[in-house]
Protein chains: 2
Amino acid sequence: MTARYAGIAGELREAIMRGDYDVGAQLPSEAELAVRFAASRGTVRQAVAVLAAEGLVGSRQGARRIVLGRERSQSFAELHSFAQWARSMGHRVTGRVLEQRRRAADAAEAARLALRPGDAVLRVLRLRSLEGEPVLLERTVYAGWIAPAVESLPADCESVTQALYEGVGLVFAYGEHLIDAVAAGTEDARLLSVRRGSPLLRQRRVTTTPEGRPVEWSDDRYRAGSVTFSIRNSVDANPLVRQVGDLRPSS
Amino acid sequence: MTARYAGIAGELREAIMRGDYDVGAQLPSEAELAVRFAASRGTVRQAVAVLAAEGLVGSRQGARRIVLGRERSQSFAELHSFAQWARSMGHRVTGRVLEQRRRAADAAEAARLALRPGDAVLRVLRLRSLEGEPVLLERTVYAGWIAPAVESLPADCESVTQALYEGVGLVFAYGEHLIDAVAAGTEDARLLSVRRGSPLLRQRRVTTTPEGRPVEWSDDRYRAGSVTFSIRNSVDANPLVRQVGDLRPSS
DNA sequence: TAGGCGAACTTGTTCAAACAAGCTAGGCCC
DNA sequence: GGGCCTAGCTTGTTTGAACAAGTTCGCCTA
């Protein structure tokens with residue numbers, strides 16, 4: 001059952017997306033929304049807090065909230081599953097496993113997956129295409145405990161995320177993403193049909209279960225121009241962190 | 001005066017950073033924290049919600065919260081001001097204006113800055129260096145109403161953000177960031193001391209006042225390897241949105 | 001017309017109670 | 001040891017009251 005505040009947030013989100021309120025326009029006051037939705041002021045506050053977290057509305061003490069934008073947000077699941085995302089964008093998507101092998105985790109992998117160095121992990125190389133064009137190369141390392149489930153998937157499995165949920169009830173709940181730019185290496189270039197040295201958008205990510213158990217650590221490389229990441233922030237909430245690299249040209 | 005919940009969040013954040021709780025460890029219950037901080041349970045919930053939004057803790061109904069990570073977050077101001085960020089990282093930073101000119105806004109700029117095409121804007125080309133190495137090229141377009149204040153800044157002004165605040169009380173409150181990878185153009189290559197065509201991490205961003213008025217629209221290009229962007233997300237809150245590009249190789 | 005003032009409105013914070021929905025750990029049984 | 005059950009604990013939701021801190025707008029005066 002959807003919580004009331006989530007339902008109210010959903011209705012307000014739709015009203016914003018529909019154009020009931022222009023960008024820059026004011027929302028009704030909390031008191032008015034409480035009457036309109038037959039809810040308490042606290043519940044309304046929770047609902048608009050959800051929208052604020054999505055960057056759709058902004059607020060100042062004493063002034064009515066304003067609409068900041070109309071861009072549709074994405075659920076965690078949609079971001080996590082390339083296939084789900086692409087389909088919701090209306091694109092034809094395919095995915096293909098090129099390599100898959102168990103091996104011992106190196107120190108970095110072990111740290112990321114809360115394992116000991118030398119523990120068994122499953123490394124998968126996967127190519128994703130949109131409209132027949134290769135756009136994403138994923139080098140994913142799965143913790144050993146999930147390896148059997150991954151190995152049982154077909155090589156052309158479209159949505160690994162969904163298949164793992166349906167197959168073994170695996171749920172992803174938390175993610176950390178590191179985004180930078182790298183030059184295409186030899187393998188990248190061959191598989192993504194680009195020149196060696198050309199720019200790739202790299203997203204390294206680790207994904208974790210609701211209990212806090214890391215499942216996968218992945219190095220994803222997008223062809224430049226194929227994908228853009230978008231983030232909204234504010235003085236109240238800044239999810240984006242800039243970290244210094246090693247200040248030498250990347251290899 | 002800092003709100004109580006913000007103070008409690010700060011203390012809990014420090015305890016986490018200090019190692020009082022390992023990654024994966026449980027936090028005390030809300031009831032215990034309420035006693036410890038002499039606050040109501042509602043206030044404690046607000047405090048831990050702040051930490052959850054930073055990706056430091058995760059929660060499941062009925063189970064104690066767990067520590068997800070120890071990475072320090074950044075304030076909005078720190079992310080926005082390259083100089084402030086670099087200094088807090090302990091790096092020597094310089095900034096230099098290479099070009100600065102008023103001109104008419106094109107359609108894209110006008111849309112981003114809530115202006116009409118043809119309205120006057122100020123375009124500034126700025127180079128940022130860390131430890132004497134050029135790492136960031138900013139092409140920033142300021143709305144006309146803030147142009148005089150920007151023009152009055154010295155060419156080697158380190159922190160434009162701080163100077164605008166001190167000079168005219170300008171406050172930034174909201175941001176939108178588009179992150180992708182592009183190939184260095186001729187000017188990029190010359191100014192950042194890289195080969196033409198080599199990868200750059202591009203961050204296009206628009207920044208807005210508390211009243212919702214856009215101030216600047218900037219195309220920032222980082223040398224590959226100099227900076228990584230980090231974002232945490234969860235099923236409860238996903239600030240990261242993947243958008244499709246135009247599926248053709250970038251120029 | 002512009003500026004100042006104040007009342008009314010608006011959002012932000014804190015507290016508390018009550019209930020719902022889930023987790024955890026101990027005890028018991030096979 | 002493993003599975004099941006349950007009491008107690010824990011987080012999630014909703015309501016509401018009271019107060020703080022800020023904004024907005026109408027009115028008045030120079």
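Just so it is clear, the structure is predicted and the values come from calculations on it, not from any experiment. Lettering of chains follows the sequences in order, A, B, ..., and the numbering in each one begins at 1.
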Next item on the list: Walk me through it: do B:Glu216 and B:Thr140 pass the test side chain to side chain donor-acceptor pair (under 3.5 Å)?
Entry: CA-CA 7 Å; B:Glu216 59 178 14; B:Thr140 309; 5.3 Å; no
Item checked: Pairwise 5' ranking along DNA chain D for A:Arg4 and A:Gln61, keeping only the more 5' one -> A:Arg4
Notebook entry, point to check: Counting heavy atoms not belonging to A:Arg70, are there more than 12 under 6.0 Å from its CZ?
Noted result: yes
Note to self: Within a 6.0 Å radius of atom OH on B:Tyr165, are there more than 12 heavy atoms belonging to other residues, nucleotides or ligands?
What the structure shows: no
Next item on the list: Look at all strands and tell whether A:Gly42 reaches a base, only sugar-phosphate, or nothing, counting heavy atoms closer than 4.0 Å.
Entry: base
Margin query: Classify the ring geometry of A:Phe82 against A:Trp85: parallel below 30°, tilted from 30° to 60°, perpendicular beyond 60°.
Written below: tilted
Margin query: If I take atom CD in residue B:Glu211 and atom P in nucleotide C:dT11, what distance separates them, rounded to the nearest angstrom?
Written below: 16 Å
Margin query: Measure OH/B:Tyr5 against C1'/C:dC15 and give the value in whole Å, please.
Written below: 15 Å
Notebook entry, point to check: Over how many whole Å does the gap from A:Leu27 atom CG to C:dC9 atom C1' extend?
Noted result: 16 Å
Notebook entry, point to check: Salt bridge check: are A:Arg123 and A:Glu109 linked by an N-O gap of less than 4.0 Å?
Noted result: no
Next item on the list: Report yes if a side-chain nitrogen or oxygen of A:Thr43 is closer than 4.0 Å to either non-bridging phosphate oxygen (OP1 or OP2) of D:dT15; otherwise report no.
Entry: yes
Notebook entry, point to check: Closest nucleotide of DNA chain D for B:Ser59 versus for A:Arg41: which of these residues is on the 5' side?
Noted result: B:Ser59
Margin query: Please confirm whether the shortest side-chain N or O distance from A:Arg60 to OP1 or OP2 of C:dT11 is below 4.0 Å.
Written below: no
Note to self: Does A:Arg45 reach a base, just sugar-phosphate, or nothing at all? Heavy atoms under 4.0 Å.
What the structure shows: base
Notebook entry, point to check: Starting at the 5' end of DNA chain C and moving along, which residue's nearest nucleotide shows up first, B:Ser40 or B:Gln26?
Noted result: B:Ser40
Next item on the list: Send over the distance from A:Gln46 CD to D:dG16 P, rounded to a whole Å.
Entry: 14 Å
Item checked: Interatomic distance, A:Arg64 CZ vs D:dA21 P [rounded to whole Å] -> 23 Å
Next item on the list: May I ask you to evaluate whether B:Arg65 reaches the phosphate of D:dG12, defined as a side-chain N or O under 4.0 Å from OP1 or OP2?
Entry: yes
Check: Rounded to the nearest Å, what distance is computed from the CD atom of residue B:Glu30 to the C1' atom of nucleotide D:dG8?
Finding: 16 Å
Note to self: I need the CG-P distance between A:Asp236 and D:dG22, as an integer number of Å.
What the structure shows: 14 Å
Check: Could you state the CG-P distance from A:Leu33 to C:dG12, rounded to the nearest angstrom?
Finding: 13 Å
